Novice: 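I have a structure I would like to understand better, so I am pasting it below and will then ask my questions one at a time.
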Amino acid sequence: MIGLCLPLKSLALTQWEGLNITSAVIVDGELYAIGPDGFYRYGGSDDVKWTIKGPQLDMGTGQVKSLRSGSLQGEVYGDVQIETQADEGQPKAYTVKCNNQDGRQSGATVNFGANQRGVTWSFKLSGKTDFSLDSIELQAILSQRRR
């Protein structure tokens, strides 16, 4: 099943695919999904893990750079895992702690350190928490050293 979502506030179209569900429905404000292996309530303890993969980015320059930090802005109700990968190297995983308890706009930042360097970068977000992201920001520092 492929799903599309177009939030009216940000007009940021997203596509969901690869989920093993055949249909989805909202009942009393709750999102439910049905698949060959069962019935799931999103936001419940038996949720399917979601993943957002970003493209390979050179961030406007062919120079070697390191990622210092990343931030998520939006409504996020729990922890989100972020994985970064420089060039074709090994991915590094981090946990972003998001504590939005009252439904208001919130954000969270994670520091990556400087131990990974590369010309291009990719990222992947994943989790089982409810969320509505408005922005994902990655902050890179240009390196004077070679790889």
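Values below: all heavy atoms of this structure, side chains included; hydrogens, waters and symmetry mates excluded. Since the model is a prediction, treat every value here as computed from it, not as a measurement.
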Novice: Carefully, step by step, assess L125 and T51 under the rule side-chain contact (heavy atoms from CB on, under 4.5 Å).
Specialist: CA-CA 6 Å; L125 300 174; T51 301; over 6 Å; no
Novice: Test W121 against Q56 for side-chain contact (heavy atoms from CB on, under 4.5 Å), laying out the working first.
Specialist: CA-CA 5 Å; W121 286 87; Q56 198 77 10; over 6 Å; no
Novice: Has the side chain of Y94 got a donor or acceptor atom that lies under 3.5 Å from a matching backbone atom of F112?
Specialist: yes
Novice: Given side chains that start at C-beta, do those of I82 and V110 come closer than 4.5 Å, heavy atoms only?
Specialist: yes
Novice: Please evaluate residues D87 and T120 with respect to the criterion side-chain hydrogen bond (donor to acceptor under 3.5 Å, both in side chains), reporting the C-alpha separation (whole Å), side-chain torsions for both, the decisive distance (0.1 Å), and the verdict.
Specialist: CA-CA 5 Å; D87 298 326; T120 61; 3.1 Å; yes
Novice: Could you check T95 against V80 for side-chain contact (heavy atoms from CB on, under 4.5 Å), going step by step and ending with a plain yes or no?
Specialist: CA-CA 6 Å; T95 298; V80 174; over 6 Å; no
Novice: Roughly how far, to the nearest 0.5 Å, is CD1 of I136 from CD of Q73?
Specialist: 11.0 Å
Novice: Looking at every heavy atom in both S122 and G54, which two are closest together, and how far apart are they?
Specialist: CB-O, 4.3 Å
Novice: Between S143 and Q63, what is the shortest heavy-atom contact and its length?
Specialist: O-NE2, 4.1 Å
Novice: Please report the interatomic distance OG1(T109) to CZ(R68), rounded to the nearest 0.5 Å.
Specialist: 15.5 Å
Novice: Is there a chain of hydrophobic side chains (I, L, V, M, F, W, Y, each step under 4.5 Å between heavy atoms) that links L57 to I141?
Specialist: no
Novice: Mind checking the NZ-NZ spacing from K124 to K53? Nearest 0.5 Å is all I need.
Specialist: 5.5 Å
Novice: What distance do L72 atom CG and S135 atom OG have between them, rounded to the nearest 0.5 Å?
Specialist: 8.0 Å
Novice: Under 4.5 Å between any side-chain heavy atoms of R117 and L67, yes or no?
Specialist: no
Novice: With a 3.5 Å distance limit and no angle check, can you tell me whether Q116 reaches the backbone of Q90 through a side-chain donor-acceptor pair?
Specialist: yes
Novice: Assess the residue pair Q81 and E83 against the criterion (side-chain hydrogen bond (donor to acceptor under 3.5 Å, both in side chains)); give the C-alpha distance rounded to whole Å, side-chain angles, the decisive distance to 0.1 Å, and a yes or no.
Specialist: CA-CA 7 Å; Q81 286 67 49; E83 205 174 87; over 6 Å; no
Novice: Taking K65 for its side chain and V119 for its backbone only, find out whether a donor-acceptor pair lies under 3.5 Å.
Specialist: yes
